[in-house]
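Step one of this worksheet: look at the structure below.
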Amino acid sequence: MNLEAIIQEAVSQAVSVLYQFETEPAQIQLQKTKKEFEGDVTVVVFPFVKAARKSPEGAGQEIGEYLVQNSHVISAFNVIKGFLNLSINRTYWIDLLNNISANEKFGTVASDDNSPLMMIEYSSPNTNKPLHLGHIRNNLLGFSISEIQKANGWQVVKTNIVNDRGIHICKSMLAWKLFGNGETPESTGMKGDHLVGKYYVVFDKAYKTEIKELMEKGMTEEEAKKNAPLMLEAQKMLLAWEQNDAEVRQLWETMNGWVYAGFDETYKELGVNFDKIYYESDTYLTGKSEVERGEAEKVFYRRDDSSVWADLTPDGLDEKLLLRADGTSVYMTQDIGTAKLRYDDYKIDKMVYVVGNEQNYHFQVLSLLLDRLGYEWGKSLVHFSYGMVELPEGKMKSREGTVVDADDLMAEMIETARETSQELGKLDNCSEEEIREIARMVGLGALKYFILKVDPRKNMTFNPKESIDFNGNTGPFIQYTHARIKSVLRKAADQRINFGTEIDKTIEISEKESYLIQLLSGFPAVVRQAGEEFSPALIANYTYDLVKEYNQFYHDFSILREENETLKIFRLNLSEAIAKVIKTAMGLLGIEVPERM
RNA sequence: GGUCUCGUAGCUCAGCUGGAUAGAGCAACAGCCUUCUAAGCUGUGGGUCUUGGGUUCGAAUCCCAACGAGAUCACCA
């Protein structure tokens, strides 16, 4: 039983005995005692004052006396207004640290083949342009959520649906064909996804010029957009693709191949990966047949123009198109197909889509449609809806070139990390190889932490002019603390100090030290909550609190110079346990921690 | 217009399942390295928690309204 439960139990008993007031232990409100007061844990006594028919202070006093007499973990108390501050026995904390030290996987729950399975879809790029900062948030969240769910005992299958077909890809293909002069990643030295992205922009520019010309000839903007030769050509290409035209398919395979090679590099550098990748070109036909089945079963209906629709007005939504009049599929159709194939492939207990909040409506509809098609899991799918990354000027727009490119940003971060290390002279004794590795860890750590520390549901702002910090509430600060602890532990090992052994419970430890243990002991609950709420930010904020607290301890106390041997070993054990939790926690965020920096 | 988010220090964010004088970081200013890594530590200044009502012993937190910002309601994905 953890401390919270022990105290809740004891308080529940106390008010029952003292005031015949019956309450569930879980109902008892506890909080961390504020720093300015004596004590470790505080009970809010207001809820009992009515039953006690006493002042808050009086009731607090009586409950406090009862607790000290009847609970072996509570050593003292004081009452301030309606707050009963409890001091916990020092031996309890040391015992707790001994347990934490002994548990290599502290904070995580292992899974096995019988554990429930969660499939998590994230990333899901289009193959017509390179990844940008918005995708970085998606990828980091998806990966981190996956790690967090694993730590909560789920089997996790990370999946990616690649949007590899459609008009957007044809645009890049057409522009390359018309203006590309046979350029390839090899001939230009460009990453494949960037090369394809370049032609997507080329298309857009040329298209806009055509629109302008047509408008000068008297067309309305709408007409011009529809009738621009480039657009007509792109649509022709899409049709040819659907009809398996050999030349178009060939070009499509080639250019997508370039993009995949580029994406693979970006994913690798970001440190994310997938267990199973689906391609829209493989799933959209399944979607079509599912929709046709739905029509046959009368849950969807066909209009006179032969397009197929779902009527969602009974659910308070609109009507939704599922197949165009010409029989081609839309986004929703493909998602239905993908969902079916996934459930055919895996025994999924929970399906999670990591997709931006701009698609809230889409997933509301998808859930209803799957339900109508008879899939009992339709209603229970989870849309993990996260907020947009915005620039100070507003939204990023690919076609207007206002995006922050993923590859560029990562490279800049790593470069900054390297420069900083050099300026501080931190890595003067390291090999070039080590320097490169540490700069990579720290640069990416800064970026990942910057993204993951904010509540995923909220929009966030990124200002390219102000580079991401390396001081304060940042990834490098946490990594630094880890490296610092490791350095002390190395020195201890050099001195042949035998730490890591159980500590004698009778030693006197400080408030700061017991508070650190208290913080450590809260880690499993944070992991659990992060899993329930799908929030890496909780892990990030917890780790920051822990690390900040530790740095104060590090500053105010000596470890290796402590003369009391037992106390010295206690502090080494405490430091080691904190390093362990830092590493586990950062691992849940996909952030590596260096041994030195 | 309908639906849904959001509004906390100059900036970026915590706190939101109601509880003590609302917290960090950055930026500004002032200190701390002969001592375990100063990417650190300490201090100063900075707030009508958008506004107005309501519920409550108690509201940044819950409810209602207004104002402001954003998303969505595509035969784009």
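Throughout, protein chains are lettered first and strands after them, A, B, ... in sequence-line order, and every chain is numbered starting at 1. We use all heavy atoms of the structure for the numbers below, so side chains are in, but hydrogens, waters and symmetry mates are not. As the structure is a computational prediction, the values presented were derived from the model and not from experiment.
- Glycosidic conformation of B/rC33: syn, with the torsion inside 90° of 0.
- An OP1 or OP2 oxygen of B/rU21 is reached within less than 4.0 angstrom by a side-chain nitrogen or oxygen of A/Lys81.
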Problem - Per-nucleotide pairing state of RNA chain B [Watson-Crick or G-U, under 3.5 Å; [ ] pseudoknot-crossing; | other strand] - result: (((((((..((((.....[...)))).(((((.......))))).....(((((..]....))))))))))))....

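- For A/Lys548, whose side chain is taken as the heavy atoms from C-beta onward, the closest listed nucleotide among B/rA77, B/rC41, B/rC36 is B/rC41.
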What nitrogen or oxygen pairs link the protein and nucleotides 2-11 of chain B at under 3.5 Å?
none

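- One finds no side-chain N or O of A/Gln31 lying less than 4.0 angstrom from the OP1 or OP2 phosphate oxygen of B/rG19.
- A/Asp305 comes within contact range of at least one nucleobase, with a heavy-atom separation under 4.0 Å.
- Counting only heavy atoms from C-beta on, A/Lys395 has its side chain closest to B/rA71 among B/rU21, B/rA71, B/rG19.
- Using a 4.0 Å heavy-atom distance criterion, A/Asp455 is classed as a sugar-phosphate-only contact.
- The side chain of A/Asn471 has B/rC26 as its nearest neighbour among B/rU37, B/rC26, B/rC76.
- Across B/rG15 and B/rA24, the matching P atoms stand 15 Å from one another, rounded to whole Å.
- Counting any heavy atom pair closer than 4.0 Å across all strands shown, A/Thr461 reaches sugar-phosphate atoms only and no base atom.
- For A/Ile167, the side-chain atoms get nearest to B/rC76 when compared with the rest of B/rU21, B/rC73, B/rC76.
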Contacts under 3.5 angstrom, residues 487-498 of chain A side chains, donor-acceptor by atom type, not counting sequence neighbours:
| from | atom 1 | to | atom 2 | distance (Å) |
| --- | --- | --- | --- | --- |
| A/Arg490 | NH1 | A/Glu595 | O | 3.2 |

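- For A/Val442, whose side chain is taken as the heavy atoms from C-beta onward, the closest listed nucleotide among B/rC75, B/rA20, B/rA39 is B/rA39.
- Checking B/rA38, B/rA77, B/rC41 against the side-chain heavy atoms of A/Phe477 singles out B/rC41 as nearest.
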